[in-house]
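To find a chain, count down the sequence lines: A is the first, B the second, and so on, and within it residues start at 1. It should be emphasised that the depicted structure is a prediction, and the values quoted were computed from it without experimental measurement.
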Protein chains: 2
Amino acid sequence: MGIDRRVVRTRTALYEALLSLIRRKHYELITVEEILAEANIGRSTFYAHFTSKDDLLKRSLERLRDLLVTAKDRTISAALRQEGEQAWDPSRALFEHVAEHADIRSALTGGRGGGIVRDAIDDVLAEVLRQSLPATMDATLPRDLVIRHMVSTFNAVLRWWLEVRPETTPREADAAFRKLVLHGVPPEACRPFIMTA
Amino acid sequence: MGIDRRVVRTRTALYEALLSLIRRKHYELITVEEILAEANIGRSTFYAHFTSKDDLLKRSLERLRDLLVTAKDRTISAALRQEGEQAWDPSRALFEHVAEHADIRSALTGGRGGGIVRDAIDDVLAEVLRQSLPATMDATLPRDLVIRHMVSTFNAVLRWWLEVRPETTPREADAAFRKLVLHGVPPEACRPFIMTA
DNA sequence: GAAATTTCCGAACATCATGTTCCGGATCGT
DNA sequence: ACGATCCGGAACATGATGTTCGGAAATTTC
């Protein structure tokens, strides 16, 4: 019981239909009927498996999370095995991963569509970080906040890359990301919004 | 011509109705009819002034932008007049401003509702920064990216504050914000996601 | 391989929000 | 006061969502 081949076929068909559509248009503009047409699935069948489009999205991204986690583990263990290599940086690997799937740009791009998808991906990234980052002892920078900050910085760099500087290479994007996270912004570039006492 | 009292009454009633509703529930869940009921405005009248709910939101936030700009100018000029004061930091003033209007929490909080509102507010903040920040000369950190990063960091701190640590004071939140923007995260807190060569 | 389940399809239906149209009456500027 | 403009309200078209149900088809089980 539990593993009727029809249900896994139905569900994966819907997962893939949604992800395929997300590459072509904004999530919010995708209609349930389009998903059904793309997946060749009946309307009532859809609602027998998922309660809504958002539900389908969430479960689709659970697959993506597993994918990310294994990718992260792979690059980290590769890093520990042979130090001094160049492909051992998870953050850079992530940028390169995105570069290979540049067709999901419209899913992350601003506007009406992006919000839910971005939030869901933020959650995935945050969970990955939560599993791999050490505990910090800095009282003024709680771990939760650091994680959120890294996620949001990653997203900021990523969107800047996709939206305003598409010609940037993954390694340049990663360099900017690391600089921002590790060293911040030069004080003279913040004035007078942030005054350094 | 141009300033018929009826139209300004209608529009401000709609602006305030929307902002009032936003304090109570998620933007996406607000229906046009609710806005009409709250503002006591007829349906056809609404569509005579705005093309959609999003249109109304955008124009509502233009008012907020003007408010922000003047507030920023005020604190900056106050800063230049009497140095060594304590209320001369625009970023801290912004956190304090938010603290006073804590009832918009649900508008910024995650989930389905927040996306569009957050994006719109991001735009406002980015525009304010664009007007006041100097040009940077750092080639690896373009101005656009710095602005986006500051906006997203502000949002990250703000949401962390509202969602996970509501008891934090504005000055603590601002301290964390400044630390993140100016100095970044200690390297040992990033490993092994970001490796420092 | 046949019986018994479980799932799928498809069409019809109810519901709800959006946006448009129209006109009598109210309100405004001058 | 008068002409121009705006407002209200109801009616309508549209389009997406989610539900229901009975017969057909696939799958598991034995």
Between [options], which nucleotide gets closest to the side-chain atoms of [X]?
| X | options | value |
| --- | --- | --- |
| A:Ile41 | C:dC9, C:dC8, C:dG19 | C:dC9 |
| B:Ser44 | C:dG29, C:dC8, C:dC22 | C:dC22 |
| B:Tyr47 | C:dC8, D:dC7, C:dG19 | C:dG19 |

### Message
Does D:dC7 have its OP1 or OP2 closer than 4.0 Å to a side-chain nitrogen or oxygen of B:His49?
### Response
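So the side-chain polar atoms of B:His49 do come within 4.0 Å of the phosphate oxygens OP1 or OP2 of D:dC7, strictly under.
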
### Query
Under 4.0 Å between a side-chain N/O of A:Thr10 and OP1 or OP2 of C:dC8, yes or no?
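Yes.
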
### Query
Side chain of B:Arg6, base of D:dT5: donor and acceptor closer than 3.5 Å?
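Yes.
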
### Query
Looking at C:dG19, does its base get a donor-acceptor pair with the side chain of B:Arg43 below 3.5 Å?
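Side chain to base: pair found, below 3.5 Å.
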
### Query
Hey, is NZ on A:Lys58 packed in by over 12 heavy atoms from elsewhere, all under 6.0 Å?
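Incorrect, the count does not exceed 12.
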
### Query
Does some side-chain heavy atom of B:Leu125 sit less than 4.5 Å from a side-chain heavy atom of B:Ile147?
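Sidechains of B:Leu125 and B:Ile147: no contact.
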
### Query
Does the side chain of B:Phe50 come within less than 4.5 Å of B:Arg11's, by heavy atoms?
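A side-chain contact exists here, since the closest heavy-atom pair is under 4.5 Å.
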
### Query
Do the side chain of A:Glu16 and the main chain of A:Ala13 share a donor and acceptor less than 3.5 angstrom apart?
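Looks like no, no N/O pair under 3.5 Å.
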
### Task
Using atom types as modelled and distance alone, determine if a side-chain donor or acceptor of A:Lys53 lies under 3.5 Å from a backbone N or O of A:Ile30.
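Looks like yes, one N/O pair under 3.5 Å.
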
### Query
CD of B:Glu34 versus C1' of C:dC16: gap in Å, rounded?
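Roughly 13 Å, once rounded to whole Å.
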
### Task
Whole angstrom is fine here: how far is it from CD in B:Glu33 over to C1' in D:dA11?
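After rounding, the reported distance stands at 13 Å.
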
### Task
Name the nucleic acid region contacted by B:Arg9, choosing base, sugar-phosphate or nothing; use a 4.0 angstrom heavy-atom cut-off, strictly under.
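Since only primed, P, OP1 and OP2 atoms lie under 4.0 Å of B:Arg9, the category is sugar-phosphate.
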
### Message
Any base atoms under 4.0 Å from B:Thr31, or only sugar-phosphate, or nothing? Heavy atoms, all strands.
### Response
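The residue B:Thr31 makes sugar-phosphate contact but no base contact.
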
### Query
Between the axis at one end of the helix from C:dG1-D:dC30 to C:dT30-D:dA1 and the axis at the other (five pairs apiece), what's the angle to 10 degrees?
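Answer rounded to 10°: the end axes differ by 50°.
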
#### Entry: Donor + acceptor pair across side chains of B:Ser20, B:Arg24 (<3.5 Å)
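Yes - a donor-acceptor pair under 3.5 Å links their side chains.
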
### Task
Report yes or no: do A:Asp54 and A:Tyr27 form a side-chain donor-acceptor pair below 3.5 Å?
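Yes.
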
